Amino acid sequence: MDFNPENTIPKSLFMEYNFKDIEVKWHEHWKANNAYRVSNVSEKPKFYVLDMFPYPSGAGLHVGHPLGYIASDIYSRYKRLKGFNVLHPMGFDSFGLPAEQYAIETGQHPATTTEKNIETFKKQLDKIGFCYDWEREVRTSNPDYYKWTQWIFLQLFKSWFNPELQKAESIDTLIKSFETSGAKGAGKHESDQFTADDWKSFSSAKQQEILMNYRLAFSAFGEVNWCEALGTVLANDEVVNGVSERGGHPVIKKKMRQWYLRITDYADRLLNGLNTVDFSDSMKEMQRNWIGKSEGCEMEFSLIQNSDLTPNPSPGGEGGKASILTTDPETWKLLKDFAIENRKNKTNAEDKLWQRLRNNQLDSKVRRQHVIEDFIIDFAFLNEKLLIEVDGGYHNDDQQKIYDDMRTHVMGELGYEVLRFTNEEVEQNIEDVLTKISFVLKERAPLSLGRGAGGEVKEVKTIKVYTTRPDTIFGVDFLVLAPEHELVNKITTAEQRKNIDEYLTYVKSRSDRERMSEVKQITGCFTGAYAENPFNGKQIPVWIAEYVLAGYGTGAIMAVPCGDQRDFLFAQHFNIPITNIIGEHFNGKEANPTKEATLQHSEFLDGLLMKDAIKVAIEKIENARLGKRKVNFKMRDAGFSRQRYWGEPFPIKWEDGLALAMNETQLPLELPHVEKYGPGPEGEGPLANIAEWKNQQLETSTMPGYAGSSWYFLRYMDPHNASTFCDRKVSDYWNQVDVYIGGTEHAVGHLLYSRMWTKVLYDLGLIGFDEPFKRLVNQGMIQGSSRFVYRIKGTQQFVSFGLKNQYEVDELHADVNMVDGVELDTEAFKKWKPDYANAEFILEDGKYICGSEVEKMSKSKFNTVNPDDLVLKYGADTFRMYEMFLGPIEQSKPWDTKGIEGVHRFLRKLWRLFNDDLKGKVWNDEKANDAEFKVLHRTIKKIESDTEQFSFNTAVSAFMVCVNELADLKCYKKEILEKVLILLTPYAPHISEELWSQLGNSGSILDAVYPVFEEKYLVETSKEYPVSINGKVRTNINIDLSAQQPEVEQIVLSNDIVQKWLEGKSPKKIIFVKGKMVNIVM
RNA sequence: GCCCAUGUGGCGGAACUGGUAGACGCAGCAGACUCAAAAUCUGCCAUUCGCAAGGGUGUGAAGGUUCGAUUCCUUUCGUGGGCACCA
């Protein structure tokens, strides 16, 4: 073998692009020099770039996570080079369900696992080279942080929304107003009817109860989405098609005391604020949809009185009851005797409750020991059909339980609701009991049912509907009430009673899941009652149907079959005659919801265009005092309680059924240690299992995930402040988040809540801006590209994709990492799982071809790719640039590792402009020429505008073009190259810093001066004009740029190719766009 | 059903306010260097007719506006996302 000294020298150690050493070296250097520390004091203008902080899950990062982080990192570094003081922090949304689920399964404390996960995340993030100032890290589960979450909650609790000023203010202003003018005046609820003197005479409890109806954070009994399997209450957006988003468990409605945020008060401002921020159209649209503003009017229809209408029917009869007897007659007798025995011995609790209920104390007449059917009821509110039962804690007694259930069932059949309390509840917590009773009473009180001094029943006279189309008033063919509507029982005629009861039973039997997932089915029932069209006296039948929702508008609609498809189908199904008020616009086969038709058969609206008639109709309705203009929102107040452990405790104590705010100096109220993470009694959270907590009467639910994330962007500004959540001076400096980057999945949750919190804090004068995020950039999701193999049922034979239809097969996921394109590595597959060791393959063309599908990236689908592996193999700079090169940032796309080589090659090519593998240093100090300057400045221009617009994929390609051109020009000149490095720093910081220092620069490239684009280097004197004939390009002709039309015409027409195409004819017209093109029209 | 996106080579994608469609990269093909491989470099690469020169066709489909349309308008189909009986 020849001795060749060059072969024996390990050149690569110092000549080749050795990304591993370079990246480690500069990480350490930047860390040691605190290169990413950000100060709140600076001469420079500020810029705030924010990522949606991650929930630190146990699975670690996959290639999808860093996409947004890389984009924001590039933008931050770019802004820093442009001379801004850039805040670009990172933290962790570390409270949440998964950690708690994991704790239930393994017994490990969520704090421990969360801490561990965060360390993993940080390690992974640091490898990619992000410029976070870790000294500003926030963790929502840290007491120093959630102290202020609790504090802000107290501000919400202590505030109300003054609709006159459209802003939040201290609840004290409301109290003052009650003291001086009672319930009269702007912003007071209609239901509150009292004078200033009344107010002063109210007990403190009653006052607090009223105030609770105004607080921005308030407590109420409400129907919540209860998930038995998870043992918790879920937000609407955590429920998908009637099952939980996590785990897909069934979700039912349940009444519980809950905390809420009165976000509906902010509906209008949340809507209008969208016009002042730079979010994508689709994002704004999603929020608008969620808020769901609709303008229309409420109006009343009088009921036609006739002898059939029995306001308070009592159907009775044995028939209904027998069917639900679940025990045999013998047991039934025993139970009954046993129960009656018990009832005879009146308890203290019953007496205590009686003292608080009697004499209309809850504004409603109550009877005690009332007999209904075969039962003796402790307390009965007959008007509201609400029954109260008090018993000694027999809940665990099986027999008693069966008996109770049966009673509830029977009473339910008769239209009664039964509330049950234990003796202990009544004796120890009577206020809570009363609150609950009065809540349900209010809910069950008939709307138009006057309650006189003696509690006498007045007859039901009207039904109030909500409509956005009052112009169609003469097309109303029937009214529909929601089945839950309180008037249903009052207006149903004796004749229809049986049918209605059957229908109500049917509705109750259907779970939410059925109601939501089922294909549209037309169901309903006639009540027997008729209403009257106030304008023409027409008799209108009143129906009930599932398709009308109790929770929206008034829970009743006027149905116009010719204009609304649901009404149309309903009318068709039940053979209700349809009135046509739009002539030929209605074809009798489907409804036409147009607003453009001219009205007919509509008396005072005849001849008007529908869209114009809306205003006219509303005016008429208002003048006739039949109703009024009304705006409705789909959005509901946000449920703010979770029956969970791993969240912020509420700084609230319950005393005699009243919620009391803890003193702010006592914050944080720290999460206590628990032994078990399972739910507490009665669906309460795990905190209810702790005696010490319970004894202090502390709230046992915790705050939801979005509590901490609703204000974290403020804490980053002033993360260590112990005396306030964020100093006003500091928040005035950093102000709004200039660019916020994250996924669309938070469009309606997190983004609405944080916008609301910001508005409240602004109203209270705690910060100086009322929209948190000036500009929002949505990164698309990186999807996984899954691969499938097809196993013939019951065998170990796997058939290739193209042949699978010939067999009966199971589709199984195969790990994407052992498939090349779609060709399976069969040997790797056999080794993958023991089950597959004996796999046989049926090939096509000698290959096993996999099926493929784009799905969410997830471990269970074997389609994840770990960024760590790619950083190890290609380096962080390559990884960063490749993720950006994949395509537009906001577009979703499946991950494909294949192209990463190309980006890596580009960086090596860049490296070779500075260093040759063999010769070492090749860069020089020579002066650059025009061609080189032209390349440089074209690149500056392109990179600058692409970076500003978050068009990072085209920026990466511009870098490639630049390096290709410089290599072609053999340009190794420092004068050019160092400018290119500065442009590249945001994208590939490590290699840029290394080469920057090799060029002999002192100081970090992080603070270099961004090159300034100069037009003069790009100025051209002539251009290759494309010349087309009749729009088709036939040739290119080089023409001086200063040339004017006549001159150009002459040059073009004298061209041989043009002459050939003209075929001797003379052109009709010659179009010349200076600097663009020439088109000859023949 | 309604709303919002989106549709361009074998693949990811580019194309400024309408002005040379396919930049850049991947994959592929051919060649150089090498004993060989890797690395690197050079060329080709929408489709079709043609030896070539050159021509036809092409941005989901069909129309329209225009001297000129991937870009604007109308209709329609496919894909992705959101809302989902909201009166």
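Every chain is numbered from 1 and lettered A, B, ... according to where its sequence line falls, protein lines coming before strand lines. Just so you know, these numbers come straight off a predicted model, no measurement behind them.
- Only the P atoms considered, C85(B) is 50 Å distant from A21(B), to the nearest whole Å.
- If you look at Tyr1025(A) and Phe1072(A), their ring centroids are closer than 6.0 Å.
- Rounded to whole Å, the separation between the C1' atoms of G7(B) and C16(B) comes to 22 Å.
- At a threshold of 4.0 angstrom between heavy atoms, the contacts of Asp567(A) with the nucleic acid are absent.
- Of the candidate nucleotides C26(B), G25(B), A5(B), G25(B) has the atom nearest to the side chain of Asn964(A).
- With a glycosidic angle no further than 90° from 0, G9(B) counts as syn.
- Straight-line distance from the NE2 atom of His746(A) to the C1' atom of G82(B): 15 Å, rounded to whole Å.
- Looking at heavy-atom distances under 4.0 Å, Leu886(A) makes contact with sugar-phosphate atoms alone, never a base.
- In a base pair of the Watson-Crick type (N1 to N3 plus N6-O4 or O6-N4) or a G-U wobble (N1-O2 and O6-N3), with each distance short of 3.5 Å, C72(B) is matched with G64(B).
- Relative orientation of the Phe568(A) and Phe586(A) rings is perpendicular, given thresholds of 30° and 60° on the angle between their planes.
- Shown here, A15(B) forms no base pair; nothing in the strands shown gives a Watson-Crick or G-U wobble contact with both key distances under 3.5 Å.
- A distance of 6.0 Å or more separates the ring centres of His904(A) and Tyr882(A).
- Sequence order on RNA chain B of the closest nucleotides to Lys909(A) and Ser951(A) puts Ser951(A) first from the 5' end.
- Asp268(A) has a carboxylate O that lies under 4.0 Å from a charged side-chain N of Lys293(A), or vice versa, which qualifies the two as a salt bridge.
- You'll find that the side chain of Arg908(A) is closest to U40(B), out of U42(B), A14(B), U40(B).
- You'll find that the side chain of Trp290(A) is closest to C83(B), out of G13(B), C83(B), C24(B).
- Between Phe879(A) and Trp895(A), the angle of the ring planes lies from 30° to 60°, which puts this pair in the tilted group.
- When heavy atoms are screened at a 4.0 angstrom cut-off, Pro894(A) is found touching no nucleic acid atom at all.
- Tyr547(A) and Phe570(A) have tilted rings, their planes meeting at an angle from 30° to 60° on a 0 to 90° scale.
- Close to A87(B), at under 4.0 Å from its OP1 or OP2, lies no side-chain N or O of Arg469(A).
- Remark: the separation of the P atoms in G9(B) and C73(B) is 22 Å, to the nearest Å.
- Whole-Å rounding puts the Ile1070(A) CD1 to G19(B) P distance at 21 Å.
- Atom name P, nucleotides U17(B) and G10(B): the rounded distance is 28 Å, in whole Å.
- Here Val1073(A) lies in heavy-atom contact (under 4.0 Å) with a base.
- Between Ser294(A) and A87(B) there is a side-chain polar atom (N or O) within less than 4.0 angstrom of OP1 or OP2.
- In terms of phosphate contacts, Asn953(A) brings no side-chain nitrogen or oxygen within less than 4.0 Å of OP1 or OP2 of C24(B).
- Applying the 4.0 Å criterion to OP1 and OP2 of A87(B), one finds that Tyr547(A) has every side-chain N and O outside that range.
- Considering only the side chain of Arg905(A), U40(B) comes nearest among U40(B), C24(B), C67(B).
- Following rounding to the nearest Å, Asp916(A) (CG) and C41(B) (P) show an atom-to-atom distance of 12 Å.
- Protein atom CD of Glu16(A) is 16 Å distant from nucleotide atom P of A38(B), rounded to whole Å.
- Contact annotation for Gln565(A): no contact, since no heavy-atom pair falls under 4.0 Å across all strands.
- Counting any heavy atom pair closer than 4.0 Å across all strands shown, Trp1061(A) reaches sugar-phosphate atoms only and no base atom.
- Distance noted for atom P between G68(B) and C83(B): 45 Å (whole Å).
- Atom-to-atom, CD1 of Ile889(A) to P of A5(B) comes out at 20 Å; the value is rounded to the nearest Å.
- Side-chain polar atoms of Asn964(A) and Lys909(A) form a donor-acceptor pair below 3.5 angstrom.
- Pair assignment for U6(B): G78(B), on the basis of Watson-Crick or G-U wobble contacts that are both within less than 3.5 Å.
- Proximity of Arg912(A) to the phosphate of A39(B): no side-chain N or O atom is located under 4.0 Å from OP1 or OP2.
- Note on Gln891(A): every side-chain N or O is 4.0 Å or more away from OP1 and OP2 of U6(B).
- Atom name C1', nucleotides G56(B) and G50(B): the rounded distance is 11 Å, in whole Å.
- Here, A84(B) and G13(B) have their C1' atoms 35 Å apart, quoted to the whole Å.
- Side chain of Asp471(A) to backbone of Lys611(A): no donor-acceptor contact under 3.5 angstrom is found.
- Within the nucleic acid shown, Met1077(A) comes within 4.0 Å of at least one base atom, counting heavy atoms only.
- Between the C1' atom of G82(B) and the CE atom of Met283(A) lies a distance of 10 Å, rounded to the nearest Å.
- As judged by a 4.0 angstrom heavy-atom cut-off over every strand, Lys1032(A) is placed among residues touching the sugar-phosphate backbone only.
- Note on ring orientation: taking the six-membered ring where Trp is involved, the planes of Phe959(A) and Phe906(A) are tilted (angle from 30° to 60°).
- Summarising the geometry, the separation between CG on Leu481(A) and P on C85(B) is reported as 19 Å, rounded to the nearest angstrom.
- Counting any heavy atom pair closer than 4.0 Å across all strands shown, Arg288(A) reaches no nucleic acid atom.
- One P atom belongs to C26(B), the other to U42(B), and the distance between them is 13 Å to the nearest Å.
- With C67(B), U20(B), C3(B) as the choices, the nucleotide that has an atom nearest any side-chain atom of Lys1069(A) turns out to be C67(B).
- Asn1079(A) has its CG atom 13 Å from the P atom of G19(B), to the nearest Å.
- Among the heavy atoms of the strands lying under 4.0 Å from Ser282(A) are primed sugar atoms or P, OP1, OP2 only; no base atom is included.
- As the counterpart of G22(B), no nucleotide is assigned, since no Watson-Crick or G-U wobble pattern has both distances under 3.5 Å.
- Here A30(B) sits opposite U42(B) as a Watson-Crick or G-U wobble pair (both hydrogen-bonding atom distances under 3.5 Å).
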